[in-house]
Amino acid sequence: TGVQTCALPIYSKKGMVTNMSIEIVHASPADAAELLAHLKLVGGESDNLTFGAEGLPFTVEMEAAYLAKMENSRDSFMLVAKADGHIIGNASLSRLPRRMSHRGDLAIAVSKAYWGHGVGTLLMESLLKIARENSFEAIDLQVRSDNKRAIRLYEKMGFEKLFDYPDYFKIDGKTFDVSFMCLRLV
């Protein structure tokens, strides 16, 4: 699967529209430090992820090794969206083990400055293409039940809500429900 490039209208803080070239590529070990920084950024921009501004508990070396293992995998994939060479979004797909190996678990995060500009759609389309090429039969994801923007994206891609899990997240003493969604590919 090659690089996907698309010019998207990006709105500046002054409301000016510019076309920015967005590349969707497989993450490589060389992306490890920037990917971890991106995850800290997006974790601090919203409470929709399973982590906050602290990011994930991995060193650059650990992340690079993880990405290196994915390079020849047919079971795990990490894509990044890049604008002007910098990571602005990521999406991952991981095949579940053993008797669930026909299924994959999907996660996606886009920098808040790029919400609503099609970056999530590009990442999802690219990842779903990879899923089909690698014989995934179903894709699962979890999303905060009040994250309407993400739910609209997932529904646009064909995902259906299976159920809500009450009080799944607890952030600053407040609980939030999570919706479990699935896309059947066969």
* To do: State, yes or no, whether a side-chain contact exists between Ile108 and Asn90 at a heavy-atom distance under 4.5 Å.
  => no
* Structure fact -> Here the side-chain hydrogen bond (donor to acceptor under 3.5 Å, both in side chains) pairs for residues 149-161, sequence neighbours left out, are Thr121-Lys156, Lys161-Asp164
* Roughly how far, to the nearest 0.5 Å, is the CD1 atom of Ile171 from the CG atom of Asn48? -> 8.0 Å
* Out of curiosity, does Val80 fall in the hydrophobic cluster containing Leu56 (side-chain heavy atoms, cut-off under 4.5 Å, transitive links)? -> yes
* In Å and rounded to the nearest 0.5 Å, what is the CG to OG distance from Leu185 to Ser135? -> 10.0 Å
* Would the number of heavy atoms belonging to other residues, nucleotides or ligands and lying under 6.0 Å from CZ of Phe51 be above 12? -> yes
* From CD (Gln142) to CE (Met181), nearest 0.5 Å -> 11.0 Å
* Could you tell me which non-hydrogen atom of Met62 sits nearest to which non-hydrogen atom of Pro57, and how far apart they are? => CE-O, 4.2 Å
* For the pair Asp177 and Ser145, evaluate side-chain hydrogen bond (donor to acceptor under 3.5 Å, both in side chains) and give the outcome as yes or no after the intermediate values. => CA-CA 6 Å; Asp177 298 349; Ser145 300; 5.1 Å; no
* To do: Report yes if the side chains of Phe77 and His26 come closer than 4.5 Å at any heavy-atom pair, otherwise no.
  => yes
* To do: Please test Arg144 against Asp47 for side-chain contact (heavy atoms from CB on, under 4.5 Å), starting from the C-alpha separation and ending with a verdict.
  => CA-CA 9 Å; Arg144 262 187 48 173; Asp47 288 332; 3.3 Å; yes
* Atom pair CG/NE2 of Asp84 and His86 - distance to nearest 0.5 Å -> 7.0 Å
* Of the non-hydrogen atoms in Phe169 and Leu49, which two are nearest, and what is the gap between them? -> CE2-O, 3.5 Å
* Go through the steps to decide whether Asp172 and Lys174 satisfy the test salt bridge (Lys or Arg N to Asp or Glu O under 4.0 Å), and finish with yes or no. => CA-CA 6 Å; Asp172 297 328; Lys174 184 176 179 190; over 6 Å; no
* Asked: Hey, what do you get for OG (Ser46) to CG (Leu41), rounding to the nearest 0.5 Å?
  -> 10.0 Å
* **Leu183, Leu79, Leu106, Val119 screened by side-chain contact (heavy atoms from CB on, under 4.5 Å) with Met124, the one that passes** => Leu106
* Asked: Would Leu67 and Val25 show up in the same hydrophobic cluster when neighbours are defined by side-chain heavy atoms closer than 4.5 Å?
  -> yes
* What heavy-atom pair brings Tyr66 and Ser94 nearest, and what distance separates the two atoms? -> OH-OG, 4.3 Å
* Less than 4.0 Å between a side-chain N and a carboxylate O, is that true for Lys129 and Glu133? -> yes
* Asked: Is any side-chain N of the basic residue among Asp105 and Arg95 closer than 4.0 Å to the acidic one's carboxylate O?
  -> no
* Asked: Looking only at heavy atoms, what is the nearest atom pair of Ala109 and Val42, with distance?
  -> CB-CG2, 3.9 Å
* Going hydrophobic residue to hydrophobic residue with side-chain gaps under 4.5 angstrom, can you get from Leu36 over to Met70? -> yes
* Do Ile24 and Ile22 come within less than 4.5 Å of each other through their side chains, counting heavy atoms only? -> yes
* To do: Of all the heavy-atom pairs spanning Ile139 and Phe159, show the shortest one and how long it is.
  => O-CE2, 3.5 Å
* Asked: When you measure from the side chain of Glu71 to the backbone N and O of Lys69, does any donor-acceptor pair fall under 3.5 Å?
  -> no
* Counting N and O atoms only, with roles assigned by atom type, does the side chain of Ser111 sit under 3.5 Å from a partner on the main chain of Ala113, one being a donor and the other an acceptor? -> no
* For the rings on Tyr165 and Phe176, is their centre-to-centre separation under 6.0 Å? -> no
* Any donor-acceptor N/O pair, Asn134 side chain to Ala131 backbone, under 3.5 Å -> no
* **side-chain contact (heavy atoms from CB on, under 4.5 Å) evaluation trace for Cys182 with Arg184** => CA-CA 6 Å; Cys182 178; Arg184 298 184 198 298; 3.8 Å; yes
* Asked: Which pair of non-hydrogen atoms, one from Ser92 and one from Leu127, has the smallest distance, and what is that distance?
  -> O-CD2, 3.4 Å
* To do: Determine, using the 4.5 Å side-chain heavy-atom cutoff (strictly less than), whether Met157 and Trp115 are members of one ILVMFWY cluster.
  => yes
* Asked: Should we count CZ of Phe180 as having more than 12 external heavy atoms under 6.0 Å?
  -> yes
* To do: State the CG-NE2 distance between Asp31 and His38, to the nearest 0.5 angstrom.
  => 11.0 Å
* Any link between Leu122 and Leu153 through a network of hydrophobic side chains (Ile, Leu, Val, Met, Phe, Trp, Tyr) touching at under 4.5 Å? -> yes
